[in-house]
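Because the structure is predicted, anything quoted here is derived from the model rather than measured. Just so it is clear, the values below take in all heavy atoms, side chains as well, and ignore hydrogens, waters and symmetry mates. Just so it is clear: chains get the letters A, B, ... in the order the sequence lines come, proteins before strands, and each one is counted from 1.
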Amino acid sequence: MTRAESNLAARGYSFAELMVAAAAREIAHGELVFVGMRLPMLAFLVARRTHAPGAVGLFENGVLRETPSAELLYTMGDPPNLRGATQCGAMLDVMGLLQQGRVDVGFLGAAEVDRFGNLNTTWGYRNKEMQRLPGSGGACDIACLARRTVVLLAHERARLCDRVGHITSPGFGTGEGWRRTQGLPAASGPSAIITTLGVLRFGHDGEAYLASVHPGVSVEEVLANTGWTLRVADELMETSPPSDEELRVMRELDPNHFWTR
Amino acid sequence: MTRAESNLAARGYSFAELMVAAAAREIAHGELVFVGMRLPMLAFLVARRTHAPGAVGLFENGVLRETPSAELLYTMGDPPNLRGATQCGAMLDVMGLLQQGRVDVGFLGAAEVDRFGNLNTTWGYRNKEMQRLPGSGGACDIACLARRTVVLLAHERARLCDRVGHITSPGFGTGEGWRRTQGLPAASGPSAIITTLGVLRFGHDGEAYLASVHPGVSVEEVLANTGWTLRVADELMETSPPSDEELRVMRELDPNHFWTR
Amino acid sequence: MTAESKLLTMRDAIARHVPSGSMVLLGAQLEQMIPFAAGHELIRQSRRDLTLVGPISDILFDQLMGAGCVSRVMAAWVGNVSAGVGYCFRRAVERSIPRRLEVVDYSNFTMALALHAGALGVPFLPTYATLGSDLLKKNGNLREFSSPVSEEKLIAVRALRPDVAILHVQRSDAHGNAHIWGSLGVAVDGARAARKVIVVAEEIVEPSVIASDPNRTLIPGFLVAAVVHEPGGAHPSPVQGYYGRDHAFFAEYHEQTRRLEDFEDWLARWVVQTTDRGDYWKQLGTGRVEKLAVKEHAFSAPADFGY
Amino acid sequence: MTAESKLLTMRDAIARHVPSGSMVLLGAQLEQMIPFAAGHELIRQSRRDLTLVGPISDILFDQLMGAGCVSRVMAAWVGNVSAGVGYCFRRAVERSIPRRLEVVDYSNFTMALALHAGALGVPFLPTYATLGSDLLKKNGNLREFSSPVSEEKLIAVRALRPDVAILHVQRSDAHGNAHIWGSLGVAVDGARAARKVIVVAEEIVEPSVIASDPNRTLIPGFLVAAVVHEPGGAHPSPVQGYYGRDHAFFAEYHEQTRRLEDFEDWLARWVVQTTDRGDYWKQLGTGRVEKLAVKEHAFSAPADFGY
């Protein structure tokens, strides 16, 4: 039995389900959301079915969508994602909305994230060897232009590092004022990092701090798995577990736990 | 009986029909043509039905068309122009082709044209009073960006003037090298002015000269109706009259001489 | 999951969403689907100091100028497409009748780029168009600059973001998801550049009709503030698949507006003393309406979105 | 009036229009309609020194790199969308196997803008995207400059004009007038930015079918050099209305290409020793093909182009 499975058995939900619920709560009613695939997609659908029925999902292939697709998606281009979409346009149609500042929140994954929320999805450094990763896709665009960016990744010391080796997608750079210096829009930047252990948020100085730990996770465990000296909120919270309603919707959408094992 | 009518009676065609035939011959097989309405539209259709079956017509509302519409058009947005079009896109789709340098020839009308082929469709000066005219529409864009521009207008001394009062659509400006200085594309600029009396073309210095006179028109008549001292080609031609085939097609398309009276 | 209905009467849509002083985009599809019904309601509600934006609008801009609603127009062409000049436009520019009018002259391309820049969220877009012209000299929103990647001059066309875009469409659902076909012009960029969109539709249909063809949904409902069901609302301009262009109406307008007092009569008859679009159609008469009706349908081949 | 037919076999289309050294746009519709059949023919005809351009291409770029056809890639993302990394891409970048590969990293938006600039005929387009990123530092086609109309930094994205765009479409006439629906990505700009277009179609239809819906004609035939009728030519990627995505094929590719010698076996089996697309489908087997077939049609509501 893996740790995730024992966790699921003990608490009635998996870490992935907890991350999805936490991610869903980052979406408010009526917001435009740059969704992406896997956990964020599920989070978007959960948000729409619970507290944010008016949220609109955007995909880089030009698709805008307000209702869940009838089948589980492996890619944003899967036929069920296009049928019944709100709009199928061109990539620029969606990117234009992003650059106008109309996209409230964008979800991103990453190989590495650092203390200022910068992301690397271009070069990995496993076993001291440089490994070429797929690259930005739309991640750099979203990180530059969405009003808020939420990052989801597994909490490992090598992946939450002091400084990323390559800034594929800019966070707060070197800290306060950096984004403005670079010319990035005033209303933009990282909002949260949701990991398998907790949720990190950002201070005015642009540095991440631990805002909540997941149920059953200790602060020490988080700190030991973070590659820099992570600050902890004065009023550290415990991440709210997924509600029954959130779990019900999640499992209806992903009955075989394809995404949330 | 008006002069045009007597001309039509005597020769078997009207000045307008002669202008349409002359304009049609400015279009080569396979060329992209920014058409416009009235006489140029008819010229485009005649060209397609005679020597240039592969010509493609572009309209500023986003329409590309290879076949004649089933009915006479008053505007490019008339329903017969959209049904059966090659493509209905956005204005920018058509303007992009123009700016890429793919449009071979564009037809324009004008209130005034001057010795360097500059056009004015913004301000008129009838009876010494400034009269506001409708403006550029797409004329300025076509004059800037089409590889060749052909102007059609009635030959009147006030309309073929030494310098236009307002450059709505640039020709050769003040002469040789001017377009390059302004930053306009190398392969662009006025190619011909087709009037009710003759055809003007342009020398290397950018100044218009009389290249051909219409049958029955004297050089003196042209010079007397031109607002500057118009140069005359060493080998002045007579404009070829419309062929039987050209007339047949023209009258089939415009049986009531709506455009070609 | 069900989105709220945004259906309003024309009167309420204009009252709520287009105050005096607004920058309003009209005529985005050029000679097709001009929102005349909306323009007439702006006149009836006595809007003032509007800035009109659009490539051309056929005679709608002329009417709004004649009625005194407009203090500025940003356009490529103002007049009567099939008949020539617009007399109200001329009176306003030449003699400030009924009031002074500022004209910012664009070309079609630079107007399209200004809205495209607004839709893309950039402060400007580059072009070679208008180089060497007097438009460039007189329009402050066109500015020469040096290309950052080549040794060339270019024109920077400043972005426009109208307060409201009023777009006439063939069909929409109650949430504002709208299908447009035929002549697109600058409608897609216009809807996205604007801060608010009012959709005026020939037909209100079930959401499933719109959702059956998401490539034809050129206006997504979440950009739309109000949906007005106004069949015939584009007359005398045409709506592909619904009615043809009333060429005679444009010619009559030309004749009946040459003198100021004639225009005032025209306006009283067709706009001010006409309570709404139903009343307008009654005046037009059934014979005229029938002549404009579709004589032969021509349906698009289906596209299969199945899997 | 009748336009000449441009129908060619895939072999002839590639032989005539895509020489070694070409800059080729592939994968314009992202995960849908990737022209795998064309890519395989490029491999069989041993093209070398290609520059691949596209936002992503799922595993087609990886295959072309593994086969040694590519010297440069300009893309936003290279890998296997549903399974992760592309091993041929990694071998080429990390160890120059089978040959050195230059990578020019774009983001999706900047790639779209590069093609849009090409389609609009301008040397660059401005954006805020990539400000502050290392993409900006390393990609010479992204350059910081000062906005000519505001006090802002912007990025100039240099125009790209591929030699050839290969676009898979649902249906086309023999002249290359093509309908595309569903996922559009950068297909429209890609076709216009490119100097030549090869259309690969699921179906060749009568011109009247295409002409019945000119708003869906996203590629006008006069831009098209060749039309290839290749049903199933996008497998394992999906074609809306024709077949689904073969997710298992992507997973298998991932497993079967991790080691160089395994990739070589994969390539021999699916490409080199496969004479054409018919042969490929035979290998795939009827059971697999049937599983991907459309189970439920979902036709678009008609649009009336009549008058």
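- Ranked by heavy-atom pairs shorter than 4.5 Å toward chain B, the options D:P214, D:G121, D:S212, D:P207 are led by D:P214.
- With a 4.5 angstrom heavy-atom cutoff, D:A193 touches chain B only via backbone atoms.
- When B:A70, B:A85, B:G101, B:P80 are compared by the number of non-hydrogen pairs under 4.5 Å with chain D, B:P80 comes out ahead.
- Within the 4.5 Å cutoff, no side-chain heavy atoms of D:Y307 are placed close to those of B:N81.
- Contacts of D:R216 with chain B are absent, with no heavy-atom separation under 4.5 Å from either backbone or side chain.
- Put simply, the side chain of B:Q100 gets close to the backbone of D:G118: a donor and an acceptor are under 3.5 Å apart.
- Across all their heavy atoms, D:L223 and B:R102 have their closest contact at CD2-NH1, 3.2 Å.
- Contact between D:R192 and B:D93 at its shortest, heavy atoms only, is NH1-O, 2.7 Å.
- The parts of B:L92 that come within reach of chain D are both its backbone and its side chain, each placing non-hydrogen atoms under 4.5 angstrom from that chain.
- With a threshold of 4.5 angstrom between heavy atoms, B:P185 does not approach chain D through any atom at all.
- In this structure, D:V122 and B:Q99 approach most closely via the heavy-atom pair CG1-NE2, 3.3 Å.
- For D:N177, the part lying under 4.5 angstrom from a heavy atom of chain B is the side chain only.
- Atom CZ of D:F305 and atom CG of B:L82 lie 8.0 Å apart (nearest 0.5 Å).
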